[in-house]
Structure formats: C-alpha cells, structure tokens
**Q** 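Input: one structure, supplied below.
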Number of protein chains: 2
Amino acid sequence: MQGGGSELNERKKLILKAIIEAHVKEGEPVGSKYLTQNKQIALSSATIRNEMAELESLGYLEQPYTSAGRVPSESGYRFYVNSLMQKYRMSQNELARMNALAKSRLAEIDRLLESATRLAAGLTNYTSIAIKPKQSTGVITKFKTVLLDKHLFMLVMIDGTGNIKTRQITSDEEISEETLSRLEEELNLKIANKRVDEITVSLVMEIERNFGAGEGIVSSVIKTVCETLGEPEGGDLKMAGVNHLLEYPEFSDAREFKELLGVLEEKRDILKLVSDSDLDEDGPQVLIGSENVLEEMKNSTMVFQKIKSGGKVVGAIGIIGPRRMDYSKVISTVEYIAQNISLMLNSSLSLPEAFGEDEN
Amino acid sequence: MQGGGSELNERKKLILKAIIEAHVKEGEPVGSKYLTQNKQIALSSATIRNEMAELESLGYLEQPYTSAGRVPSESGYRFYVNSLMQKYRMSQNELARMNALAKSRLAEIDRLLESATRLAAGLTNYTSIAIKPKQSTGVITKFKTVLLDKHLFMLVMIDGTGNIKTRQITSDEEISEETLSRLEEELNLKIANKRVDEITVSLVMEIERNFGAGEGIVSSVIKTVCETLGEPEGGDLKMAGVNHLLEYPEFSDAREFKELLGVLEEKRDILKLVSDSDLDEDGPQVLIGSENVLEEMKNSTMVFQKIKSGGKVVGAIGIIGPRRMDYSKVISTVEYIAQNISLMLNSSLSLPEAFGEDEN
DNA sequence: TTTTAGCACTCAAGGTTGTTGAGTGCTAAC
DNA sequence: GTTAGCACTCAACAACCTTGAGTGCTAAAA
C-alpha cells in the first residue's frame, strides 16, 4: 500500500524483521515480550509494543484478534522481501544436491524440469512446480518421420525455439519407408513454417493430390499437426512435494487446501499466472497472497523464476507455499536452480564441457 | 476372515447389504432404527439388532464404540463386493463422456492413459491413477535416429512390446546425417536385442573402433541406452482428482492424508502394488483396506484393472478412495474404461475403422 | 523527549461438567 | 421366532470457568 517503506527508521526495520523471522519460524503470532529475548533488540516490552502499534498503523503488521501477538501483513512480507531480507547461504549439503542435478546432463527440457521440481521440493519442503510454456512461435519449422511398424509411424515436429514434439500416428494401410519419406518431404515443403490459420483446405487437398494413394494418412497427419499447433493453453506443468504443504498449519483446513490443490491440478490457471507475469523480469518473482490474481491462492505465496535458453523463455520453476514462508531460503533456491538450468541448456547446445568432465 | 459367507441366510444378506449401502451414502454408522425405514426390511428394530449382533460376531460389521451404530468391516465390504453388489448402470450422460474418450482416437498409450485418468476421476469423484508399467522385455529390438540439429539428435528405442521411448542426445562435435545413420546401423547390429548385462565394455569398444571418429557420441548413446534399459522401477504413473479425496471425512485428518499423498507421489510403491497383483486376472481387482500391503493405504481402497494389448499388459487404470466407497459405481467405471482402452489399442493397430468413421 | 514499570483489560485455548440423544443388549411377553 | 420395553452406554455438544499471553494506557524515571 504505502511506498517503499523508507519512512521506517532503523529500529522499526529491526523489529519488523525480527517479527517476520520469528513468525516464519514459529508459525504463531509474536508478542512484544518474546522479542525482548532477541539480543539485537535491547528494549523493554513496552517500547516494543509502541513500535509495534505504529508498524501496525502503517500496515505492516496485523493482529488476528485483540491482544494476540502481531502477524506480518502482506505488505509486511513484501517490504521484507524487498528491503530487509538477507540472502540465504546454501549449506554444503544443499549445494551438493544441486550439483548432482547439474551433473545429470539431462538434455531434454522436460526431464530436466522434472528432476528440478523434485529437487526444489526436497530442498525447501514446499510444493514445487515446473512449467513449460506453450511454444510461442506457432509454427513448425521442420518435420521428421520415423517408421516404427507396418502401420505406425512417429511424427517429430521441431519449432522455431528448438522445441521438439513427437506424435505417433497409425494408419490402416501399410506404410513403406518410401511413402513416409515422401510424406516428410511434402510436409516440410508445404506445411513447415505455416501458422495454423494458413493451413487451408485447398493446401491439404493439394498435398493429398500430390501424394496420390493413402490420403487417409495425410488427413491424420494434418489433423495431428493442427492439434499440436493449436493446443488450447499448451504448456505443461509438473509438481512435486504436494504433501509437504500439509505440514503447515495454514493448510490444515481441508476445504482451503482442496481449493489450492484443485488449482494446481487444473494447471491452466497457474500457467496463465506465470505467463502473464513480467516477461522482462529475469530474477525470481514473488507473488505474495493476493498479489496472485487467483482467489484460491490468496493465502499462498508463489515464488518462481523463468528459465531462458537462447534468449527465449523455455520454462519456469517455482515454489508454492503458505504466505508465511522462508522467503530467504526459497528465493535463493529457486534462483539458483533456475540459473543452473539456464546454464545447462545453453551450454549443452554448444559447450557441454562446461560441466564436470566426469560423470557419477 | 470366515469363508465365502454362504452361512448367511437371505435376511442377513439383505440387512448387510442395506447397512453397507446406507453407510456408503451417509458416511456414518448406521443403527437399527434407521434400517426400519427401509421398505425391504419389514422388521422391528429389535429384530434387526439381533441380526446385526450376529453379523458382528461373524466379522462383517464393527462397532466404533459401545452403542454407536454399526459400520461395515473389511470382510463386510469384501463380502459385499464378492456376493451382494449389483452392477452399476451408467447413465446416458456418463456413457456419453466415455464415448468422447473413444472418439478421441489417441494412439499413444501415454496420452490415452492421461485422458482416461481425468475421465475416471471426473466420473467417480475419487482419485484416479493410470499406470504404465516398466516394459518387461528388458531389451530394445530396434533403434532409430533422427537428426534434429547440428549438435542434437533423437534416439528412438522400440522394445519387444511395441513400447517406444525417445531420448535426445547432444554432442559437442558436429553430427552429419551420414554419421548418424552409421550409428543407427551399428546400434541395430550390436546392441539391439541385448539385455543390459550383455552390453559389455568390449562390445562398446568394438563399436567405437568400428565407428572411428566421435567416440564421444557412442559413449553418450550407450549410457542412455543402459539407463533406459535399467530404469530402476521404470513405469509411469499419472494421477487426477487428488483433490476429490478431501471431500470425504475419512481424509480430513491431515496427517493420514499426507501419508497417502506421499505414497501417490512416490509412485514406486503403487507401481509395485499393481504389478505384483494377479497377472492372470483380467477383470477389475479390488484391494480393500489392509488387503493393500502398504501401511499408508490401510484405510483406503484401490480398484484397478489392467489394460492388455496384444496379450500383454501395457498399463492399468485405477481408482483410489476411502474404504467406504461406492464400489458398484467405481468398479463398473474402471472396468468399462479399461475395456474400452484395450479395445482402442487393439483396433488402432489393425482395424481402426471399428470406431466412428467421423471425428468431432 | 524517550523509555520503562505497573496495572487493568481482553480474549483464545483448554479443561470440567452436565445434558442430550442415538443406539445397544437383555428380558419378558406375544 | 418376533417384538415391545427398559436400563445402560457413550460420543457430541454446549455452558461454564480458568489460565495466560498479550495488549493499551498512564505515570514515573531517565
């Protein structure tokens, strides 16, 4: 609400920071007396109370009810994240686990993201998501085919961003290597680099004419291509560590948890949330409580960072947890993992020796 | 634990059936008085009490505490499933939704299973899982390669059961079409149809020697192949509708739910559970409570059915819910979906015209 | 002017107690 | 074999009290 919080003097900042960190740790409203234990704050409880009252009127703290302790408000967390928080220092153990991911040398973004989610969930004890957005180019630049069986072949589609999709297609007629390579050629000639709305019926008919026999295959293939191009909200979302959330009392209310889980399963909304976010922002992004547009997430925080490869956003990795979250640790973890993945992707295309020369 | 329950007379069966159905519907222990409302049972509450007492001593019913109503025991449910239950009749609406799946014409088992899980979860209001077991042959019968980029190619592996796996492999050296097809040839010659323990170092060295330049690629490829062959518990598990479970009071205890969720996320145990089950059993299989070996599932029921294609088990689809479950509906749904998928898979290999000749 | 001690006040949490009502088992009559 | 009647049990609920952490305010100390 209010500006950057520069109106706060050092003492208020110290107290606010202490309150937030205590609350994150204990999970309960923190009172003035509790803070007097903090060696950094050499004040009586009464003085602290006065400061807390002011912090509350400034909107950084809230009181669940008269004469309970104080709890950080959304703006409190926001101010903390923006100005007060110190970077979390990874432990040796944590760094080791991260490096194991880097050494795995997974080239495929999907499998890489899957490993990354598990890692993120394991390290932070929150739920982690990995997102692969719909490829944005909207065209397929190259087709490849692989004959798998007399009646089955695989269509490999590569788009401008290097995204690769495979689909298997069956045919009731027998397919020969020769037919298939003619089909491949035809596709690369006529369909490659076309947007879905440029694939007209007459174009398809032309291919079918050129192709002669087996129009059945052509129409199956075209249908598959169009489906792939136009996949409604494309993208893919993987999750890990959903069960971690149940450790936090915030989610002990089954109804609320169910709603959040519903959103996570639905995938669509989360994908939108992430892809709507600031495209140019390179670092970790933090959506606290109602900063998430989704009603169901108003009591949760989402921290995520986009993963870029060759200048394009190819994915994102994030953490979802209660508003009361160990921001310092989570943000560092997400940032570190995302950066590493970006690095791996970029280097695996051109200079894979950047990683440990030995596996295992 | 006693035998098939043939010692029960008709009246006991009627009462047991009524109790189970009432309990499934209401979710609460059912008392003798409640049952007198049932027109089929024209008895006084006292008589019903006597019968209930006998059913309890036979092990089919349980009393949560003195003078609450009765609740079906595990054997009670088991007897119900084996002998009392009538088949659920699908509504028009439900049949329509099933048919939509059949019309989607998804050839790939993965995508088909994913759609099927969502459907099953939606129809039953429980959590649904789809399982693709580790391919059992343990060998790859055919390799294919597709060049995707100067430094990137795709390795397609087909195993005996028609299972197809793709992996992308990068190389720091440039790859030509020609090198790649030589690699493919070499793989099909030397590695195809070999078990993972038959791929010896000397064999690999031989390939590298034959292959001349670019040994880097060979070793990456072999590593990938071995990984694929030896994937610890292979298999894949998809879930849908996890949030449905939270609607049932059985899962309002967060701790217990967390454990179940943990098992579901772990995947490994569930895969084992299903693959350990009776291989020859073609119909739906029902594991009630502690019939599941997993401790975490002792309060849940799992209903699943294997999906066969060409005589082999290629997957399974199942439902997980509380022990108090609408068995009739769930079993029918699982059975129907599994049968349909089997049908689709078998027909799409040979006679795809079995399905509606028109899409949409 | 700032800080602190003291005090009255508030209110959630948790314990105790009593009431209610659904349900049972047993017995005696039908 | 079935039923009505009755005494008994026990979870669920509500009413009540106690406790204690925490507050705001005021007046005195620094």
Side-chain angles (χ1 to χ4, degrees), chain A residues 7-16 18-20 22-23 25-73 76 249-250 252-253 324, chain B residues 7-16 18-20 22-23 25-73 76 249-250 252-253 324:
Chain A
E7 68 264 48
L8 296 190
N9 59 32
E10 284 310 310
R11 197 169 74 182
K12 281 203 182 59
K13 286 183 189 171
L14 184 65
I15 290 176
L16 179 55
I19 290 175
I20 290 180
H23 178 63
K25 200 165 140 215
E26 309 288 347
E28 271 156 30
V30 359
S32 53
K33 198 171 165 192
Y34 181 93
L35 288 180
T36 57
Q37 296 167 18
N38 187 322
K39 295 278 179 270
Q40 296 223 44
I41 307 175
L43 293 170
S44 77
S45 64
T47 311
I48 294 174
R49 274 205 291 284
N50 288 332
E51 294 287 39
M52 281 162 75
E54 283 185 58
L55 282 167
E56 181 171 0
S57 74
L58 286 168
Y60 295 115
L61 295 179
E62 283 169 356
Q63 226 174 349
Y65 50 86
T66 327
S67 80
R70 299 303 209 292
V71 159
S73 69
E250 281 87 342
S252 60
D253 174 20
R324 168 181 75 87
Chain B
E7 68 264 53
L8 296 191
N9 59 32
E10 282 311 311
R11 198 169 73 178
K12 280 202 184 56
K13 287 184 188 173
L14 184 65
I15 289 176
L16 180 55
I19 289 176
I20 290 181
H23 178 64
K25 199 163 144 218
E26 310 287 347
E28 273 157 28
V30 357
S32 54
K33 198 171 163 191
Y34 181 94
L35 287 180
T36 56
Q37 296 167 18
N38 188 322
K39 295 277 180 273
Q40 296 223 44
I41 307 174
L43 295 169
S44 78
S45 64
T47 312
I48 295 175
R49 274 203 292 283
N50 287 333
E51 294 286 39
M52 280 161 76
E54 282 185 57
L55 281 168
E56 182 172 358
S57 74
L58 287 169
Y60 295 116
L61 294 180
E62 283 168 357
Q63 226 175 348
Y65 49 85
T66 331
S67 78
R70 299 303 208 293
V71 159
S73 70
E250 279 88 342
S252 61
D253 175 21
R324 168 181 75 86

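Model, not experiment: these values are computed from the prediction. Proteins get letters first, then strands, A, B, ... in listed order; numbering begins at 1 in each.
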**Q** List the residues meeting side chain to side chain contact (heavy atoms under 4.5 Å, CB included) with B:Q40, not counting sequence neighbours, and say none if there are none.
**A** B:L14, B:N38
**Q** Please report, to 0.1 Å, the donor-acceptor pairs under 3.5 Å made by any side chain of residues 65-72 of chain B, with sequence neighbours excluded.
**A**
residue: B:R70; atom: NE; partner: B:E56; partner atom: OE1; Å: 2.7
residue: B:R70; atom: NH2; partner: B:E56; partner atom: OE1; Å: 2.8

**Q** Identify each atom pair where a protein N or O and an N or O of nucleotides 11-15 of chain C are less than 3.5 Å apart, giving names and distance.
**A**
residue: C:dC11; atom: OP1; partner: A:T66; partner atom: OG1; Å: 3.4

**Q** Under 3.5 Å, is there a donor-acceptor pair between the side chain of A:S32 and the main chain of A:I48?
**A** no
**Q** Take the protein atom CD of A:E51 and the nucleotide atom C1' of C:dT4, then report the distance between them rounded to whole Å.
**A** 14 Å
**Q** Which nucleotide span of DNA chain D, 5' end to 3' end, has atoms closer than 4.0 Å to non-hydrogen atoms of chain B?
**A** D:dT2 to D:dA11
**Q** Mind checking salt bridge (Lys or Arg N to Asp or Glu O under 4.0 Å) for A:E26 and listing every partner two or more places apart, or none if nothing turns up?
**A** none
**Q** Using a heavy-atom distance cut-off of less than 4.0 Å, which residues of residues 25-47 of chain B contact DNA chain D?
**A** B:L43, B:S44, B:A46, B:T47
**Q** By salt bridge (Lys or Arg N to Asp or Glu O under 4.0 Å), which residues pair with A:E62, not counting sequence neighbours?
**A** none
**Q** Applying side chain to side chain donor-acceptor pair (under 3.5 Å), can you list everything that pairs with A:T36, at least two apart in sequence or on another chain?
**A** none
**Q** List the residues meeting salt bridge (Lys or Arg N to Asp or Glu O under 4.0 Å) with A:R324, not counting sequence neighbours, and say none if there are none.
**A** A:E250
**Q** Would you please name every residue forming a side chain to side chain contact (heavy atoms under 4.5 Å, CB included) with B:N50, sequence neighbours left out?
**A** none
**Q** Sorted by first residue and then second, give each salt bridge (Lys or Arg N to Asp or Glu O under 4.0 Å) pair with at least one member in residues 36-48 of chain B; sequence neighbours left out.
**A** none
**Q** List for me each residue that meets salt bridge (Lys or Arg N to Asp or Glu O under 4.0 Å) alongside B:E51, sequence neighbours excluded, and say none if there are none.
**A** B:R11, B:K12
